[in-house]
Amino acid sequence: MTHVVLITGASSGIGYATALTFVRQGWNVIASARRVEKLAQLEQTVNALPSPHGELLAIAADVQKADDMQNAVQQGVARFGRLDALVANAGIGQRGSIVDSKWEDIETLLRTNIDGMLHSVRAAVPEMRKLGGGHIVIISSIVYNMVSPYAATYAASKAFVSSSAAALRFELESDHIGVTDLLVGRTESEFNERRLGQAGYGEKASGRLPRMSAEQVANAIVRACNGKGGRFTLRLFDRLVVLGNMLFPGLIGRIAMRQYK
Ligand SMILES: NC(=O)c1ccc[n+]([C@@H]2O[C@H](COP(=O)([O-])OP(=O)(O)OC[C@H]3O[C@@H](n4cnc5c(N)ncnc54)[C@H](OP(=O)(O)O)[C@@H]3O)[C@@H](O)[C@H]2O)c1
């Protein structure tokens, strides 16, 4: 029996690398995102892999829309017959002050990072319940507990998803659905270039942090789907950031203010 995973935001960065890693390991993958041309590129890459490997079904879907996520799950289950795992990965950044940022940018961030995670989870869980179990990986960030002036909406959106993951772990325990909350640090992807917000904010911070490859994060996601769940960071540096945020919020807030403004 071949396992099946739904990945949101599979058209670039971490989601793209995760789709390839699952397929290489023999899973069938439902790869969703809005940019169909990028999904077509992913399909071509999968088709060129040496056999054996899993299959990939690309589906155009906007995580901001509940119907799109329901449809992605239905199409995936119609094709592969089951759903074992969800990687709620789609997300976007935003920089600028809470007061002066464009409302459209703030709204897009909230609808994508918060509604997107909720719509994905709510669409996927009923199919996992039918199987008697499954796994959800929620992609959060090491800034989830950071005082983040000029990047507050993004950090708060990741606080929301991490808090939801912690609650879901209890809510879905009796369904045998594990929940992983992955606190990701700076990673090579399209994230910075696609970030919303006021020009100039955060340029200093972007270049300095040590970066992981998207493949490193992808490997951790696949491992997580075979585990029991919990909250994880991937590097010592990331653990130190999370600890620093916890112990010295005022100091970190001052540093972040200088970096992000
Ligand atoms: N890169 C980092 O340093 C870093 C650090 C911590 C956490 N993260 C998190 O990692 C996740 C993946 O980001 P990434 O770094 O891989 O960035 P990325 O390369 O920009 O990928 C973001 C993905 O999200 C998708 N997406 C955005 N809005 C969407 C929407 N409305 N509907 C469906 N899909 C949507 C994009 O696809 P389409 O535009 O084609 O729809 C794209 O596939 C995000 O949740 C991000 O917050 C990243």
Item to complete: Spell out, as yes or no, whether a donor-acceptor pair under 3.5 Å connects the side chain of T8 to the backbone of N89.
Response: yes

Worksheet item: When you check the side-chain N and O atoms of R35 and S12, is any donor under 3.5 Å from an acceptor?
Response: yes

Worksheet item: How about E37 and S11: do any of their side-chain heavy atoms sit closer than 4.5 Å?
Response: no

Fill in: Distance-only donor-acceptor check, side chains D181 and S162, under 3.5 Å
yes

Fill in: For V125 against I177, the heavy-atom pair lying closest together
CG1-CD1, 4.0 Å

Worksheet entry | Separation of Q259 CD from I252 CD1 (nearest 0.5 Å) | 10.5 Å

Worksheet item: Side-chain heavy atoms under 4.5 angstrom apart, residues restricted to Ile, Leu, Val, Met, Phe, Trp, Tyr: same cluster for I7 and L57?
Response: no

Worksheet entry | Same apolar cluster: L172 and I138, side chain cutoff 4.5 Å | yes

Worksheet item: Do S148 side-chain atoms and M146 backbone N/O form a donor-acceptor pair below 3.5 Å?
Response: yes

Fill in: T21 (side chain) donor-acceptor with E215 (main chain) under 3.5 angstrom
no

Worksheet entry | Side chain proximity check, L83 to L6, heavy atoms < 4.5 angstrom | yes

Worksheet item: Does the side chain of T2 come within less than 4.5 Å of W27's, by heavy atoms?
Response: no

Worksheet entry | Nearest-0.5 Å distance that lies between atom CZ in R111 and atom CD1 in I92 | 13.5 Å

Worksheet item: Given side chains that start at C-beta, do those of R211 and R186 come closer than 4.5 Å, heavy atoms only?
Response: yes

Item to complete: Take M69 and D62 through the side-chain contact (heavy atoms from CB on, under 4.5 Å) test and state the conclusion after the steps.
Response: CA-CA 7 Å; M69 297 322 299; D62 183 341; over 6 Å; no

Fill in: N226 side chain to V222 backbone, donor-acceptor under 3.5 Å
yes

Practice prompt. Write down the atom of V5, the atom of L86, and the distance for their closest heavy-atom approach.
Written response: CG2-N, 4.3 Å

Discussion item. For Y154 and Y260, I'd like to know if the aromatic rings sit close, meaning centre-to-centre distance below 6.0 Å.
Written reply: no

Fill in: Heavy-atom side-chain proximity of M246 to N145 below 4.5 angstrom
yes

Discussion item. Using modelled atom types and a 3.5 Å cut-off, is there a donor and acceptor pairing between side-chain atoms of R231 and backbone atoms of A165?
Written reply: no

Fill in: Separation of L182 CG from I139 CD1 (nearest 0.5 Å)
5.0 Å

Worksheet item: Side-chain heavy atoms under 4.5 angstrom apart, residues restricted to Ile, Leu, Val, Met, Phe, Trp, Tyr: same cluster for V121 and V179?
Response: yes

Item to complete: Kindly give the heavy-atom pair with the smallest separation between A19 and L56, and that separation in Å.
Response: CB-CD1, 4.2 Å

Item to complete: Give the minimum heavy-atom separation between Y150 and M257, together with the two atoms involved.
Response: CE1-SD, 4.0 Å

Item to complete: Start with the C-alpha gap between S101 and Q94, add the side-chain angles, then the distance that decides, and say whether side-chain hydrogen bond (donor to acceptor under 3.5 Å, both in side chains) holds.
Response: CA-CA 9 Å; S101 292; Q94 191 262 336; 3.0 Å; yes

Worksheet item: Do R82 and E127 have side-chain heavy atoms sitting under 4.5 Å apart?
Response: no

Discussion item. Is there a side-chain hydrogen bond (donor to acceptor under 3.5 Å, both in side chains) between N113 and S157? Walk through the geometry before answering.
Written reply: CA-CA 6 Å; N113 295 5; S157 75; 3.1 Å; yes

Worksheet item: Within the distance-only criterion (no hydrogens, no angle test), does the side chain of N71 pair as donor or acceptor with the backbone N or O of D67 below 3.5 angstrom?
Response: no

Worksheet item: Where is the tightest heavy-atom contact between V63 and H119, given as atom of each residue plus distance?
Response: O-CD2, 3.2 Å

Item to complete: Look up atom CZ in R95 and atom CG in L196, then write down how far apart they are to the nearest 0.5 Å.
Response: 11.5 Å

Worksheet item: Taking atom OG1 of T18 and atom CG of N219, what is their separation to the nearest 0.5 Å?
Response: 8.5 Å

Discussion item. Strictly below 4.0 Å, N to O, side chains only: are E55 and R79 in salt-bridge contact?
Written reply: yes

Fill in: Steps toward side-chain contact (heavy atoms from CB on, under 4.5 Å) verdict (T112, Q64)
CA-CA 5 Å; T112 307; Q64 299 178 65; 3.8 Å; yes

Practice prompt. Please say whether more than 12 non-hydrogen atoms of neighbouring residues, nucleotides or ligands are located less than 6.0 Å from CD1 in I98.
Written response: no

Worksheet item: Do the side chains of S213 and T187 get nearer than 4.5 Å, heavy atoms only?
Response: no

Discussion item. If I take atom CD1 from residue I59 and atom CG from residue D68, how far apart are they, to the nearest 0.5 angstrom?
Written reply: 10.0 Å

Worksheet item: Is any side-chain heavy atom of N28 less than 4.5 Å from a side-chain heavy atom of H3?
Response: no

Worksheet item: Which heavy atom in A214 sits nearest to a heavy atom in E188, and how many Å separate them?
Response: CB-O, 3.8 Å

Practice prompt. Inspect the contact between K38 and E190 and indicate whether a charged nitrogen and a carboxylate oxygen are less than 4.0 angstrom apart.
Written response: yes

Worksheet item: Between T180 and I221, does a side-chain contact (heavy atoms from CB on, under 4.5 Å) hold up when you go through it step by step?
Response: CA-CA 9 Å; T180 295; I221 291 170; over 6 Å; no

Fill in: Test log, rule side-chain contact (heavy atoms from CB on, under 4.5 Å), inputs L131 and D84
CA-CA 8 Å; L131 281 185; D84 299 86; 3.5 Å; yes

Worksheet item: Is there a chain of hydrophobic side chains (I, L, V, M, F, W, Y, each step under 4.5 Å between heavy atoms) that links F22 to V77?
Response: no

Worksheet item: Are V184 and Y16 connected, step by step, through hydrophobic side chains (Ile, Leu, Val, Met, Phe, Trp, Tyr) whose heavy atoms are closer than 4.5 Å?
Response: yes

